[in-house]
Asks: 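Questions regarding the structure given below will be posed in turn.
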Amino acid sequence: MKKILILAVAIAATTVFAGCSKKEDTVIIEGPIVGKWEYVEAFFYTWGRYGGDWTARLEYLPGERTIEFTKNGTVLHRHEGAKETWGYSYDATTHQVVYNHAPAQKYTVDITGSQLIVRDPYLQVEYEAKFILKRVY
């Protein structure tokens with residue numbers, strides 16, 4: 001009888017522990033931001049100076065700088081021969097993208113058709129940047 005009781009307890013314990021598994025957090029991001037984007041130009045503005053006009057403008061060569069937002073919450077940023085990868089989150093309601101690297105950075109984005117405009121407030125200094133990107137795919 002003891003052997004049957006021990007066997008029953010062992011089977012019950014195995015069943016209980018087999019049913020417990022670590023829940024994996026899978027990030028699925030959908031929306032217009034997902035895809036590969038190519039930088040076209042950038043404008044840099046100085047707050048309170050130059051009447052609010054841009055103070056510098058950059059144009060990028062085709063393929064010179066790209067950023068890819070994946071559905072699994074990963075960003076791949078390629079520029080000047082370097083590749084950077086980090087996580088991100090996207091809120092289509094507030095038009096906010098947050099890059100999850102130290103320190104986390106928050107950007108405002110506008111997406112219209114094949115154009116992505118990223119506004120980057122540099123909080124440490126008195127200027128902001130606006131990047132214009134076009135969709136590659």
Side-chain angles (χ1 to χ4, degrees):
M1 183 70 173
K2 280 185 176 180
K3 289 181 183 179
I4 294 174
L5 184 58
I6 292 172
L7 182 61
V9 170
I11 291 172
T14 303
T15 305
V16 168
F17 290 116
C20 296
S21 65
K22 183 179 177 184
K23 181 182 176 186
E24 300 209 10
D25 295 329
T26 303
V27 176
I28 302 292
I29 297 176
E30 296 188 15
I33 195 146
V34 174
K36 186 174 183 179
W37 300 86
E38 182 176 71
Y39 285 74
V40 176
E41 59 187 336
F43 297 90
F44 298 91
Y45 301 84
T46 303
W47 296 326
R49 298 183 187 166
Y50 308 107
D53 293 331
W54 54 272
T55 57
R57 179 176 177 253
L58 293 175
E59 288 187 46
Y60 296 95
L61 297 172
E64 178 181 2
R65 188 172 186 173
T66 62
I67 191 163
E68 184 174 355
F69 297 93
T70 66
K71 286 185 177 185
N72 70 359
T74 302
V75 171
L76 177 58
H77 190 215
R78 292 185 175 110
H79 62 96
E80 300 171 3
K83 295 178 186 175
E84 299 174 309
T85 304
W86 57 83
Y88 81 100
S89 59
Y90 171 65
D91 186 333
T93 305
T94 62
H95 304 284
Q96 297 285 315
V97 171
V98 177
Y99 294 143
N100 303 326
H101 58 77
Q105 295 176 317
K106 186 184 288 186
Y107 302 91
T108 303
V109 297
D110 294 314
I111 303 170
T112 53
S114 63
Q115 187 179 59
L116 170 66
I117 299 174
V118 179
R119 288 183 175 75
D120 181 2
Y122 288 87
L123 301 178
Q124 297 85 3
V125 293
E126 294 184 351
Y127 77 93
E128 69 177 343
K130 179 172 82 173
F131 297 93
I132 313 290
L133 297 88
K134 71 176 182 177
R135 183 180 294 280
V136 176
Y137 61 80

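Any value given below was found using the heavy atoms of this structure, including those in side chains, with hydrogens, waters and symmetry copies removed. Note that this is a predicted model, so its numbers are computed, not measured.
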Asks: Apply the test side-chain contact (heavy atoms from CB on, under 4.5 Å) to residues Phe131 and Leu116: give CA-CA distance (whole Å), side-chain angles for both, the deciding distance (0.1 Å), then the verdict.
Replies: CA-CA 8 Å; Phe131 297 93; Leu116 170 66; over 6 Å; no

Asks: Working note: Val75 + Glu68, criterion side-chain contact (heavy atoms from CB on, under 4.5 Å); need CA distance, chi angles, decisive distance, verdict.
Replies: CA-CA 6 Å; Val75 171; Glu68 184 174 355; over 6 Å; no

Asks: Which atoms form the tightest heavy-atom contact between Lys83 and Arg78, and what is the distance?
Replies: CE-NE, 3.8 Å

Asks: Mind checking the NZ-CD1 spacing from Lys71 to Ile33? Nearest 0.5 Å is all I need.
Replies: 14.0 Å

Asks: Could you measure the distance from the OH atom of Tyr60 to the CD atom of Glu41? Nearest 0.5 Å is fine.
Replies: 10.0 Å

Asks: Looking at Trp37 and Arg135, what are the two nearest heavy atoms and their distance?
Replies: CZ2-NH2, 3.1 Å

Asks: Does Tyr90 reach the main-chain N or O of Gly73 with its side chain, forming a donor-acceptor pair under 3.5 Å?
Replies: no

Asks: When rounded to the nearest 0.5 angstrom, what is the spacing between OG1 in Thr74 and CH2 in Trp86?
Replies: 11.5 Å

Asks: Going through the distances and angles, do Arg119 and Asp110 end up as a side-chain contact (heavy atoms from CB on, under 4.5 Å)?
Replies: CA-CA 9 Å; Arg119 288 183 175 75; Asp110 294 314; 2.6 Å; yes

Asks: Using side-chain heavy atoms (C-beta onward) and a distance below 4.5 Å, is Leu133 in contact with Ile67?
Replies: yes

Asks: I'd like to know if Glu38 pairs up with Lys36 as an ion pair, taking the criterion as any Lys NZ or Arg NE/NH1/NH2 lying under 4.0 Å from an Asp or Glu carboxylate oxygen.
Replies: no

Asks: What pair of heavy atoms forms the shortest contact from Ser89 to Asn100, and how long is it?
Replies: N-ND2, 4.1 Å

Asks: Search all heavy atoms of Phe43 against all heavy atoms of Ile132 and return the closest pair with its distance.
Replies: CE1-CG1, 4.3 Å

Asks: Is any side-chain heavy atom of Val97 closer than 4.5 Å to one of Val118?
Replies: no

Asks: Measuring only between side-chain heavy atoms, which start at C-beta, is Tyr107 closer than 4.5 Å to Tyr99?
Replies: yes

Asks: For a 4.5 angstrom cut-off between non-hydrogen side-chain atoms, does Lys130 reach Ile117?
Replies: yes

Asks: Is the closest side-chain heavy-atom distance between Thr70 and Val34 below 4.5 Å?
Replies: no

Asks: Check the orientation of His77 and Tyr39. Use parallel for under 30°, tilted for 30 to 60°, and perpendicular for over 60°.
Replies: tilted

